[in-house]
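Shown next, in structure tokens, is the structure this report addresses.
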Amino acid sequence: MAETTQPQPWLKSYPPGLEWDVSIPVAPAYKLLDDAVRDFGPRPFIDFYGKKLTYSQGADQVDQLAAGLQKLGIVKGDRVGLFLPNCTYFVIAYFAILKIGGIVVNLNPLYVDREIVHHLTDAGLKTIFTLDMPLMLDKLNAVIGRTPLERIIVCPLAQILPFPKNILYPLFKRKDVAKWVPDKNHMSWNDVLASPGSKPRAVDIQPLTDLAVLQYTGGTTGVSKGAMLTHANIFANAEQSRRWFMTATPGQERMLGVIPLFHVFAMTVVMNIAMRLGSEIILLPKFDLVEVLKTITAKKPTMFPAVPTIYSAIINHKNLANFDISSIRLCFSGGAPLPVEVKIKFEKLTGCTLIEGYGLSESSPVATGNPIVGEARTGSIGLPIPATYISIRSLEDPNVEVPMGERGEVCIKGPQVMAGYWNKPEETARTMLPGGYLRTGDVGIMDKDGYTAIVDRIKDMIICSGFNVYPRNVEEALYLHPAIAEAIVAGLPDEYRGQTVKAYIVLKPDMKVTEAELSEFLKDKLSAIERPKLFEFRTSLPKTMVGKLSRKALLEEEAAKAATAKA
């Protein structure tokens, strides 16, 4: 670890038996799979709707595909896209690209035309993988000629399904199978694969400098940017996270992967941690509550990383007693703040340990977590994971650290922090501080024991009559009401106050509460400035693909309403 003069209060709270000041190995990202094959070769690797691969079988397919990609002319530094949901193809293609020195570019299959064009153009993507489904293939066909895209590798879904689903799917789901023919822009997965037993040519990878993944940020505060994650970043974060899950047993865990692997959270905390542990990865292509509950009941996963909305949906399912979810032992919540009530209820129902952590695309993503062994503090993102520094910096001058217990911008330093933004040196300079610290844009407070609480996003902060209001504080107060299932708080323009606080609320089934009752409930929990002046009750709230509640979508709705009213 590099020397530092800054305090490290988290050391007094570190889990017994876990070292913080540790040297994290530097290695190519594909070594995650190589090591797993060496240690767990015969173990189950992927389970996709019952069709399974062992680690050895998966590695053989990776080599076949890697060799085939080299024959196509893919070389070190080429960007290759994955426009795929959770499925076997995603994992195999991801590691095949890395093995030949290519750079994986993860894309959300639900992107609309404008987003697809931006990402393909910004990354300079010429080759991309997708399923033989109109939902995905038609979108890519529509942008050929308007982007650098030259080659679509079409992956037949039926081929990765078990018998008899592989036979029945094309017969009974014909509308879901895209019609296409091989041409200069299209080829099938099978045509790319080299012959069985093929090995790719060795490529010299410099882990600290060579890029493994371009992970595009969500673009919530502007145009989406590609975080450049090196091989060392990816490998380090998998190793750091594996160490954090100190009670997991290598070779014996089963990981349920329902959050999308194209999202950086799942990429590391589902796929890559699983390989460090030799876990079986049970993949589902999307979140469907009943399917998830049936899968847990039937396949008995032991690890289940997810976002708070998924845990909330499970505990509020009216027929939950019909399912057995007791196999789950370890859960890691990320992507959004975890309401205290959700954590307590989920742990009570399953007997598992559910910890909240924190990170972002630019840190591969995991930076902090509540301890698996030790004190997990509610409302906190926990302690820095091994080899990671957290520094709280002044909101006026990010080069100045604030005193303990004061609000400031959370900044991260560690081997998982990105190399910068793709083709955006000015954005990189604004985000990366001297000494290797990454500015997160999140407002946090670190206490004397080294635990950090996120109180808001800098750009989400609401300013009412000159006072700062942090939406998360208001949302946490709302979640204390027994009738509230989900809540988002946002600031809307107000001629008198500058901004006013509005709460968007979804109630639990068969529960009722009025605005007046909520206002009264919040009186002893929030100051007059913080209490919402506006309430809107809804049957659902907008969410991102990964399942995070989307404040951005609500603000866009409000802006559209305001524009219409003025017209």
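Quick caveat, the model's predicted, so the values are computed rather than measured.
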Intermediate values then yes/no, side-chain hydrogen bond (donor to acceptor under 3.5 Å, both in side chains), Gln416 and Thr388: CA-CA 8 Å; Gln416 72 272 50; Thr388 302; 2.9 Å; yes

pair Ile281-Asp47: side-chain heavy atoms closer than 4.5 Å: no

Closest non-hydrogen atom pair between Pro285 and Phe48, with its separation: CD-CE1, 4.1 Å

Check ion pair Lys508-Glu486 (N to O, under 4.0 angstrom): no

Worked check of side-chain contact (heavy atoms from CB on, under 4.5 Å) between Ser327 and Ile296: CA-CA 8 Å; Ser327 65; Ile296 296 172; 4.1 Å; yes

Side-chain heavy-atom pair Asp21, Pro386 within 4.5 angstrom cut-off: no

Carboxylate-amine/guanidinium contact Arg242 Glu239, below 4.0 Å: yes

Pair Asp34 + Lys31, salt bridge at N-O below 4.0 Å: no

Contact check, side chains of Asn322 and Leu320, non-hydrogen atoms, under 4.5 Å: no

Interatomic spacing from OG in Ser380 to CG in Asp447 - rounded to 0.5 Å: 7.0 Å

Student check: side-chain heavy atoms of Pro15 and Met246 closer than 4.5 Å: yes

Rounded distance (nearest 0.5 Å) linking atom CD1 of Ile412 with atom OG of Ser363: 4.0 Å

Separation between CE of Met446 and OG of Ser391, rounded to the nearest 0.5 Å: 7.5 Å

Parallel, tilted or perpendicular: ring planes of Phe304 versus Tyr311, cut at 30 and 60 degrees: perpendicular

Inter- and intrachain pairs under salt bridge (Lys or Arg N to Asp or Glu O under 4.0 Å), touching residues 351-366, at least two apart: Glu356-Arg472

Side-chain heavy-atom pair Pro339, Ser312 within 4.5 angstrom cut-off: no

Pair Glu558-Tyr504, side-chain donor/acceptor within less than 3.5 Å: yes

Note, Asn370 side chain near Arg377 side chain (heavy atom, < 4.5 Å): yes

Residue pair Lys299 / Arg254: nearest heavy atoms and the distance that separates them: O-NE, 3.2 Å

Inter-residue atom distance Ile505.CD1 - Glu515.CD, 0.5 Å rounding: 8.5 Å

Parallel, tilted or perpendicular: rings of Tyr389 and Trp10 (30°, 60°): perpendicular

Value rounded to 0.5 Å, distance of CZ in Phe90 from CG in Leu84: 7.0 Å

Least distance between heavy atoms, Pro365 atom then Val264 atom: CD-O, 3.5 Å

Value rounded to 0.5 Å, distance of CG in Leu549 from OG1 in Thr309: 6.0 Å

side-chain contact (heavy atoms from CB on, under 4.5 Å) partners of Thr350, counting only residues at least two apart: Ile325, Phe346, Cys352

Asn237 versus Gln240, side-chain donor and acceptor atoms under 3.5 Å: yes

Distance-only side-chain donor-acceptor flag, Gln215 / Asn106, under 3.5 Å: yes

Flag side-chain contact, heavy atom, 4.5 Å: Pro109 against Phe262: yes

Residues forming a side-chain contact (heavy atoms from CB on, under 4.5 Å) with Asn233, sequence neighbours excluded: Leu229, Thr230, Ser364

